[in-house]
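Okay, structure first, notes after.
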There are 2 protein chains.
Amino acid sequence: MTEQRGLTLAVSTVIFALRPHPDTGRLTLWLPLVRRIREPFRGRWALPGGPLDPGDDLATSARRTLERTTGLAPHYLEQLYAFGAVDRSGAVTDEGRVVSVVYWAIIRPDEAERSVVGENVEWQVADEVGAWGGAAPLAFDHDTVLRYALARLRAKIGYSPIALAFLTEEFTLAALREVHEAVTQRTLDPANFRRQVLAAKTVAPTGRRLAGTAHRPPALYRRAVEIPSSDPARVTVTEPTHPADTDPPKGLS
Amino acid sequence: MTEQRGLTLAVSTVIFALRPHPDTGRLTLWLPLVRRIREPFRGRWALPGGPLDPGDDLATSARRTLERTTGLAPHYLEQLYAFGAVDRSGAVTDEGRVVSVVYWAIIRPDEAERSVVGENVEWQVADEVGAWGGAAPLAFDHDTVLRYALARLRAKIGYSPIALAFLTEEFTLAALREVHEAVTQRTLDPANFRRQVLAAKTVAPTGRRLAGTAHRPPALYRRAVEIPSSDPARVTVTEPTHPADTDPPKGLS
DNA sequence: ACAAAAGTGTTTCCTCTACACCCATGG
DNA sequence: CCATGGGTGTAGAGGAAACACTTTTGT
């Protein structure tokens with residue numbers, strides 16, 4: 001096969017972490033954005049990323065971007081989608097066309113705390129970013145990308161144990177519930193949530209309890225399953241995946 | 001951004017259609033493969049595809065491949081995954097590395113009938129192809145790709161109306177059930193299947209009936225919904241996707 | 001009449017939901 | 001002893017699975 005002139009393959013990453021909202025104090029999704037210092041879209045915020053190094057796998061490139069912008073390694077990393085519309089950089093620029101393979105990642109808030117925020121890197125509230133968040137549009141088609149990543153995260157947390165990737169080794173069921181509530185933006189019944197989680201056997205009690213809570217001390221739990229990879233090369237025969245996927249609920253339709 | 005030497009972006013497509021199995025006569029999944037006439041993997045079967053034309057969108061490229069190999073337009077087309085392992089062509093070849101964005105498609109059997117089968121194109125039974133089917137491995141990492149596409153199709157048919165893409169304008173509920181049975185490889189209770197499909201309101205009766213059946217004439221139905229696109233640019237605010245997709249069953253976990 | 005599939009009814013089981021209620025700790 | 005969340009119990013609604021039974025055609 002011949003090389004294609006005027007075509008660049010880039011890898012970008014949507015990096016999610018949970019932090020309190022600056023106004024309400026409620027736990028919400030944040031992500032780091034990078035201010036563009038060159039045309040096109042100079043001055044606008046964009047997802048961190050860069051051209052694919054020919055020596056790197058796609059996921060490796062995503063990890064590298066993550067390390068570069070936050071200094072961290074992800075606790076979950078999944079390919080989101082390949083975006084390749086001809087006009088996705090606005091008009092086709094002189095430098096040619098860019099196809100982006102986008103990944104999305106989850107990092108833990110305790111680690112995000114000590115993340116090194118570079119000069120043109122800034123953490124922002126996911127739902128208040130870009131045109132959909134009432135702010136200036138992100139560069140390229142990154143508004144669409146971010147919305148799609150949010151949709152995937154919010155769908156997938158419903159049928160996959162990825163919520164665990166937001167938590168430290170030991171955690172209470174209340175903390176796990178707060179992750180679900182923050183991501184899906186709706187409150188859950190603590191009693192029913194507890195039963196569903198325990199029935200799924202994705203967590204196991206450590207036997208220890210959290211002290212100093214001004215109420216009955218809650219039991220501590222740990223992960224009882226590995227957070228599943230959606231890498232096609234690692235998927236077993238019986239298990240499908242997403243969902244891309246995006247995966248989705250139940251029944252026929 | 002600068003161009004990357006030694007890196008080609010290709011688009012391949014997994015094209016599914018349903019036909020009777022040559023031995024058992026039961027409805028099964030088939031797909032067209034292309035015999036490679038050049039190194040690497042000369043003589044081996046491969047998924048149809050080719051390098052991305054800089055003037056084409058990714059989906060456009062997939063459609064072009066489909067038209068070239070079968071002469072047809074798909075009734076369903078969805079991006080599957082971007083495969084980019086450094087060594088996915090075996091060793092890194094002289095021509096350099098190839099990253100493939102893979103799509104999967106559904107075409108109708110009545111159309112597949114009159115599909116033009118070229119010299120090095122052959123329709124084969126999906127589950128009997130490649131190393132997993134007990135035959136010679138497919139070229140590149142196409143065994144993995146095909147298995148992933150099959151998993152996605154089999155998962156997605158459970159929660160999305162894509163089964164309709166295998167059928168003509170008018171169809172019986174038995175025909176729709178046979179599509180589900182052929183794809184998932186398990187039999188379904190006709191009574192319960194009927195109720196689930198009707199409750200989902202994805203089909204509507206045409207008022208007409210199918211005659212000449214050696215039994216009570218079944219009612220004919222038509223699609224009552226568009227088969228949803230999973231293109232991120234077309235996804236609405238409320239609906240997630242896979243899916244990735246691949247999406248997946250219900251409940252927490 | 002009989003076979004064979006269409007289509008309806010019914011029972012059982014299981015899960016999800018809502019919400020009442022008791023438990024254990026800090027102040 | 002009171003407030004606060006942790007944790008358990010339970011009754012009702014709804015859906016899925018299994019399967020009996022009736023309907024309508026061709027032969």
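Every chain is numbered from 1, with letters handed out A, B, ... down the list of sequences.
Distance, B/Leu210 CG to C/dA5 P: 14 Å, rounded to whole Å. Between A/Arg194 atom CZ and C/dC21 atom C1' the separation is 15 Å, expressed in whole Å. For the pair A/Arg186 CZ and C/dC16 P, the computed distance is 13 Å after rounding to whole Å. Summarising the geometry, the separation between CZ on A/Arg177 and P on D/dG6 is reported as 6 Å, rounded to the nearest angstrom. One atom, OH of B/Tyr159, and another, P of D/dA16, lie 17 Å apart when rounded to the nearest Å. Note: CG (B/Leu198) to P (C/dG9) measures 13 Å, nearest angstrom. Here the P atom of nucleotide C/dA18 and the CG atom of A/Leu188 are 10 Å apart, to the nearest Å. A straight line from CG of B/Leu173 to C1' of C/dT8 spans 14 Å, rounded to a whole angstrom.
Put simply, the residue from A/Tyr103, A/Trp104, A/Tyr148 that forms a ring-ring contact (aromatic ring centres under 6.0 Å, His included) with A/Tyr81 is A/Tyr148.
Shown here are the salt bridge (charged side-chain N to carboxylate O under 4.0 Å, His left out) partners of B/Glu181, two or more places apart in sequence or in another chain: B/Arg177.
Salt bridge annotation for A/Arg154-A/Asp127: present, with a cationic side-chain nitrogen under 4.0 angstrom from a carboxylate oxygen.
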- Task: Spell out protein contact along nucleotides 19-27 of chain D as letters: B when the base is contacted, S when just the sugar-phosphate is, - when no protein heavy atom is under 4.0 Å; keep the 5' to 3' order.
- Result: B---BBBS-

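Taking CG of B/Leu198 as the start and OH of B/Tyr221 as the end, the distance is 5.0 Å to the nearest 0.5 Å. Between the CZ atom in A/Phe166 and the NE2 atom in A/His180 there is a gap of 10.0 Å [rounded to 0.5 Å].
Within the structure, every pair that satisfies the salt bridge (charged side-chain N to carboxylate O under 4.0 Å, His left out) test and touches residues 162-174 of chain A, not counting sequence neighbours, is listed here: A/Glu169-A/Arg223, A/Glu170-A/Arg208.
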